[in-house]
Novice: 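Could you have a look at this structure, given as structure tokens, before my questions?
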Amino acid sequence: MRRSIVVGIVVSIAIALVALAFLSTQTSKSMSGNVMPVALALEQPKADLLAKSAFPKEVAGISAYVKVDQQINVTDPTVLDAFLNRPTQLGKNYVIGVVRVDNNGKAVDVNLYADSSGWIVAYFDKNTPIAAIINWKSDINETILHSAIQKFCTYAGINYDKIKKDIKLYHFAKPNADKILIFANYIYGPASVGIEKRTYIFVPNSYSVNVYGKPDLLEISYSLFCYGDERDYLVFKMDGNDVAGVQGKGGYPYYKWDRLGWAKLNLGLNTPHKLSLVVKDALDNGDWGGMAVVMLLDEV
């Protein structure tokens, strides 16, 4: 089939610490697609959450938070039904537990804190890669942390549609971080073995005119997803070497991930790298997969 080459964009982040160039190689535009970079702002919450609540900020990492304008009855059995099994902590005015949400066929467990003053915080622990937030079921701007808050709101009698615009992101273990940048590639079936999407990435060791050395790249991680059955399989390669594989449905134990996975990505500086999403076992019509590269930045 005819091969087309689409040269994408070179992105300068603020004063260009990180330069990325995209080039996608595909057999058909219907089989593959790029999403323009998505930037998500991070914002420190108010002092009453940081200093006056029982929120476990010492263990939390990437988080989504909101303060609603109503009291939450944290001991109400209906509210507690939002949590998997039972809450891990239940105080007189706060609750902490795990909320299980669906990420397009894969169950993901998210920690959640809520208190009677109206704070709701969905969070992963501080060692979890930021790419864990990618939600393969909805718009890339609405993270899996948003989904956990939405589920809790359903049980707590809170109108999620009313408060979702107020949800903000923050990394408690990396308080200097102020932006998340997401680059995503997709492959849609039918797609035969060998179909490949490429992302070229270059991270300079030092590329800034700012005397304070900003912006600073704090973390790079990735999320890998495959929608299909056990005969659908995608591989993530870096510089031609396998990094991880994901199948559409469990069945082959030697594949690393079933439906969804994420991990940190270690890149050598001052060296261009080729990141590839490759079809290893053909995707049928209606099946698809994706890879998202996620960067955590300190720009200001």
Side-chain angles (χ1 to χ4, degrees), residues 1-11 13 17-37 129-132 134 136 181-205 207 217-228 230-248 251-284 287-296:
M1 288 184 285
R2 181 176 62 88
R3 171 165 292 192
S4 63
I5 299 178
V6 180
V7 179
I9 61 173
V10 176
V11 180
I13 304 172
L17 169 71
V18 182
L20 298 106
F22 276 78
L23 180 148
S24 66
T25 304
Q26 56 205 47
T27 57
S28 169
K29 289 184 179 179
S30 64
M31 292 180 181
S32 308
N34 294 96
V35 170
M36 293 294 288
I130 53 170
I134 298 298
W136 293 102
L181 201 61
I182 303 169
F183 301 87
N185 277 340
Y186 299 86
I187 296 179
Y188 299 96
S192 58
V193 174
I195 294 293
E196 179 179 3
K197 289 289 294 185
R198 300 174 186 170
T199 299
Y200 288 88
I201 182 169
F202 175 75
V203 181
N205 189 34
Y207 187 16
L217 179 61
L218 304 177
E219 179 189 309
I220 303 180
S221 56
Y222 67 94
S223 175
L224 192 60
F225 176 81
C226 182
Y227 181 88
E230 67 274 6
R231 292 176 296 277
D232 299 307
Y233 183 46
L234 295 172
V235 173
F236 168 40
K237 293 176 176 284
M238 184 168 68
D239 301 327
N241 300 312
D242 288 5
V243 176
V246 60
Q247 58 182 322
Y252 297 104
Y254 51 87
Y255 290 164
K256 182 172 182 178
W257 288 322
D258 173 13
R259 183 60 67 97
L260 171 68
W262 56 75
K264 291 183 180 179
L265 187 61
N266 296 316
L267 293 177
L269 301 181
N270 287 333
T271 302
H273 298 280
K274 181 179 74 172
L275 309 182
S276 302
L277 179 65
V278 184
V279 177
K280 198 74 171 181
D281 205 338
L283 300 180
D284 298 325
D287 298 333
W288 63 280
M291 178 182 72
V293 178
V294 187
M295 298 181 175
L296 184 66

Novice: Would you compute the distance between atom CD of Gln247 and atom CZ of Arg259 and round it to the nearest 0.5 angstrom?
Specialist: 10.0 Å
Novice: Of all heavy-atom pairs between Asp287 and Leu283, which one has the smallest distance, and what is that distance?
Specialist: CB-CB, 4.2 Å
Novice: Just jot down the side-chain hydrogen bond (donor to acceptor under 3.5 Å, both in side chains) partners of Trp136, sequence neighbours excluded, or say none.
Specialist: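 Partners of Trp136 by the side-chain hydrogen bond (donor to acceptor under 3.5 Å, both in side chains) criterion, ordered by chain and then number, come out as Ser223.
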Novice: Are more than 12 heavy atoms from other residues, nucleotides or ligands located less than 6.0 Å from atom CZ of Phe236?
Specialist: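 Correct, the count exceeds 12.
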Novice: Nearest 0.5 Å please: distance from the OH atom of Tyr200 over to the CG atom of Leu275.
Specialist: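 If we round to the nearest 0.5 Å, Tyr200:OH and Leu275:CG are 10.0 Å apart.
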Novice: How about Phe202 and Asn270: do any of their side-chain heavy atoms sit closer than 4.5 Å?
Specialist: yes
Novice: The test is side-chain contact (heavy atoms from CB on, under 4.5 Å); show your working for Val278 and Ile187 and say whether it passes.
Specialist: CA-CA 9 Å; Val278 184; Ile187 296 179; over 6 Å; no
Novice: Output the distance between atom NZ (Lys264) and atom CG (Asn266), rounded to the nearest 0.5 Å.
Specialist: 8.5 Å
Novice: Which heavy-atom pair separates Met291 from Leu224 by the least distance, and what is that distance?
Specialist: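 Result for this residue pair: CB-CD1, 4.0 Å.
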Novice: Is there a side-chain contact between Val294 and Leu265, using heavy atoms and a 4.5 Å cut-off?
Specialist: no
Novice: If you take all heavy atoms of Val293 and Ile220, which pair is closest and at what distance?
Specialist: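 Taking Val293 first and Ile220 second, the nearest heavy atoms are CG1-CG2, 3.9 Å.
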Novice: Using every non-hydrogen atom in the two residues, find where Ala282 and Ser192 come nearest and quote the distance to one decimal.
Specialist: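 Smallest heavy-atom distance, with atoms named: CB-CA, 4.2 Å.
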Novice: So how far is it from Leu234 CG to Glu196 CD, rounded to the nearest 0.5 Å?
Specialist: 11.5 Å
Novice: When rounded to the nearest 0.5 angstrom, what is the spacing between CD in Glu219 and CG in Leu296?
Specialist: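 Between Glu219 CD and Leu296 CG, I get 6.0 Å after rounding to 0.5 Å.
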Novice: How many angstroms lie between CG in Asp232 and OH in Tyr227, if you round to the nearest 0.5 Å?
Specialist: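 The CG atom of Asp232 sits 10.5 Å away from the OH atom of Tyr227.
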Novice: Taking all non-hydrogen atoms of both residues, which atom of Ile130 and which atom of Ser221 are closest, and how far apart?
Specialist: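 Residues Ile130 and Ser221, closest heavy atoms: CG1-OG, 3.3 Å.
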Novice: Sequence neighbours left out, cut at 3.5 Å: what donor-acceptor pairs do the side chains of residues 238-246 make with other protein atoms?
Specialist:
residue, atom, partner, partner atom, Å
Asp239, OD1, Lys274, N, 2.8
Asp239, OD2, His273, ND1, 2.9
Asp242, OD1, Lys237, NZ, 2.4

Novice: Using every non-hydrogen atom in the two residues, find where Ala191 and Tyr188 come nearest and quote the distance to one decimal.
Specialist: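 Nearest pair, atom of Ala191 first, then Tyr188: CB-O, 3.7 Å.
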